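A quick write-up on the structure given underneath.
Letters go in sequence order (proteins before strands), and every chain restarts at 1. Source: prediction; values computed, not measured. Every heavy atom of this structure was used, including side-chain atoms; hydrogens, water molecules and symmetry mates were not.
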There are 2 protein chains.
Amino acid sequence: MANSDEKTKASSENQPIDTRSRILSAAFRLFRKHGYHGVGLNDILAAASAPKGSLYHHFPGGKEEIGVAVVAEITRGILALFGASRAKKTSTVLMQVGEQMSATIERTNHEICTLFTAFLAERSASPKLGEAVANAYAEMTLAIEARLKQDGFAARAAKERAATVVMLLEGGAMIAQAQQSVAPFSLALKHAASLCERDD
Amino acid sequence: MANSDEKTKASSENQPIDTRSRILSAAFRLFRKHGYHGVGLNDILAAASAPKGSLYHHFPGGKEEIGVAVVAEITRGILALFGASRAKKTSTVLMQVGEQMSATIERTNHEICTLFTAFLAERSASPKLGEAVANAYAEMTLAIEARLKQDGFAARAAKERAATVVMLLEGGAMIAQAQQSVAPFSLALKHAASLCERDD
DNA sequence: ACAAGAATAGACCGACCGGTCTAGAGAATG
DNA sequence: CATTCTCTAGACCGGTCGGTCTATTCTTGT
């Protein structure tokens with residue numbers, strides 16, 4: 001069920017992407033630009049060139065399930081970045097991650113709605129989505145916290161700084177979008193990186 | 001209907017609030033809980049106990065005009081807080097403002113969608129709203145920056161720290177909402193205040 | 001008292017929302 | 001070939017969206 005990367009329609013490198021993936025990435029792009037409520041299923045379908053039947057086949061839970069899946073996908077990506085290159089200092093890795101985010105912000109004409117902001121407002125309407133977002137933040141913070149401890153920070157300091165870093169990234173990305181400029185995000189990133197240095 | 005025991009707008013102290021104000025504050029409360037798109041005009045009308053005719057009489061621009069007005073109202077409130085008590089140190093004032101925000105966060109069961117997050121996603125659909133939000137951030141930052149200069153910070157440092165403070169407040173409030181706890185916001189506030197001390 | 005504007009009131013509209021349902025295309029089994 | 005399952009396809013549904021419209025009630029100036 002997961003992959004059909006053998007047989008007729010697919011050698012492992014096929015250009016026409018899986019319908020499910022197409023829906024997911026279209027939803028991702030639209031959500032971060034217009035917010036969760038600002039995107040209709042028909043918008044997603046049109047962007048993904050898929051009919052409604054396919055959508056409800058792959059995501060029986062409908063729009064909400066898509067939202068949760070997108071949040072999970074983003075989280076997975078971020079964690080992968082922080083999980084890699086354990087040898088390097090946290091501040092170094094953070095700067096690298098930040099550069100990548102900066103590039104995305106610029107590439108998308110500052111249309112990146114912050115990591116999870118697009119879904120935050122739905123907390124009241126959809127517990128599942130709210131939970132997914134809360135979880136995402138928690139996992140991100142935990143990952144950074146673990147690295148900082150490894151860098152030699154005391155437990156409490158690591159926890160506080162990790163949390164502050166996440167806030168800075170979120171706030172920075174948000175204001176960057178509002179102001180249509182990467183500058184605020186870069187500033188936040190710089191500050192966050194310095195927070196990850198022990199001799200602060 | 002509801003109230004007719006006073007001369008309309010003439011008497012400045014009437015308990016039954018002006019319809020326009022009722023609509024505005026209802027919209028404010030709903031927007032921050034559900035986001036701009038998450039709230040329908042009928043929701044606002046019901047919460048304000050007003051009919052549609054009144055809404056379009058006071059806000060001919062419809063929902064968008066209401067959104068802009070709400071953003072302006074929030075900004076006005078924040079600026080008033082920072083404008084007052086010029087004598088005190090900025091960090092002190094910041095802590096006071098923060099306490100007030102913390103109280104609001106707790107009182108509303110952490111339903112405070114960050115200051116302007118609720119409107120950010122509409123940037124793409126409504127230039128006016130986007131502009132209003134960008135303006136709001138700029139004004140806030142400028143107000144803090146001015147205070148920091150007055151506290152003796154160099155121009156560049158004042159600008160950067162002011163921007164960082166705003167990011168921290170936004171990010172902190174956002175994560176506080178996601179995690180359903182004031183703790184993250186308090187942490188952000190603490191860090192922001194220390195940024196406003198010269199011997200950092 | 002009376003005219004005129006401000007404000008209230010809600011029925012009504014077309015568009016779109018998320019979601020359901022039935023039908024068919026395509027490959028994998030016997 | 002017949003069957004079966006996955007997946008595609010889109011017409012269709014009731015409900016709600018933001019917005020317009022006309023009618024009526026207050027308030028105020030004269």
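A:Lys63 contributes a side-chain N or O that, together with a main-chain N or O of A:Tyr36, makes up a donor-acceptor pair within less than 3.5 Å. The closest donor-acceptor contact from the side chain of B:Arg161 to the backbone of B:Leu148 lies at 3.5 Å or more, if one exists at all.
The distance from atom CG of B:Leu55 to atom P of C:dA6 is 18 Å, rounded to the nearest whole Å. Straight-line distance from the CD1 atom of A:Ile44 to the C1' atom of C:dC16: 14 Å, rounded to whole Å. A straight line from CG of A:Leu30 to C1' of C:dG18 spans 16 Å, rounded to a whole angstrom. Here the P atom of nucleotide C:dC17 and the CD atom of A:Glu122 are 15 Å apart, to the nearest Å. In this structure, B:Arg20 places its CZ atom 16 Å from C1' of C:dT8, rounding to the nearest Å. Residue B:Arg22 contributes atom CZ, which lies 13 Å from atom P of C:dA7 at whole-angstrom precision. A straight line from CD of B:Glu65 to C1' of D:dG18 spans 14 Å, rounded to a whole angstrom. Between the P atom of C:dT8 and the CD1 atom of B:Ile17 lies a distance of 13 Å, rounded to the nearest Å.
One finds a salt bridge joining A:Arg76 and A:Glu73 here, because a Lys/Arg side-chain nitrogen approaches an Asp/Glu carboxylate oxygen to under 4.0 Å. Looking at A:Glu111 and B:Arg123, no side-chain N of the basic residue comes within less than 4.0 Å of a carboxylate O on the acidic one, giving no salt bridge.
Within the 4.0 angstrom heavy-atom criterion, only backbone atoms of the sugar-phosphate kind lie near A:Gly40; the bases stay farther away. Counting any heavy atom pair closer than 4.0 Å across all strands shown, B:Gly53 reaches a base atom. Within the 4.0 angstrom heavy-atom criterion, base atoms lie near A:Lys52.
Note on the helix from C:dA1-D:dT30 to C:dG30-D:dC1: terminal axis deviation equals 0°, with five pairs used at each end and the result rounded to 10°.
When all heavy atoms of A:Ala158 and A:Phe153 are compared, the closest pair comes out as CB-CB, 4.0 Å. Residue A:Val71 comes nearest to A:Ala132 through the heavy atom pair CG1-O, 3.7 Å, listed as atom of the first residue, atom of the second, then distance.
Listed nucleotides D:dG18, D:dG10, C:dG18 differ in distance to A:Tyr56; the shortest reach to its side chain belongs to C:dG18.
Distances shown here put a side-chain N or O of A:His58 below 4.0 Å from the OP1 or OP2 atom of D:dT8. Put simply, A:Thr19 has a side-chain N or O that comes within less than 4.0 Å of OP1 or OP2 on D:dT8. Under 4.0 angstrom from either OP1 or OP2 of C:dC17 there lies at least one side-chain N or O belonging to A:Asn42. At the phosphate of C:dT8, neither OP1 nor OP2 sits under 4.0 Å from any side-chain N or O atom of B:His57.
Checking B:Ser126 against B:Glu64 by side-chain atom types alone, a donor-acceptor pair falls below 3.5 Å.
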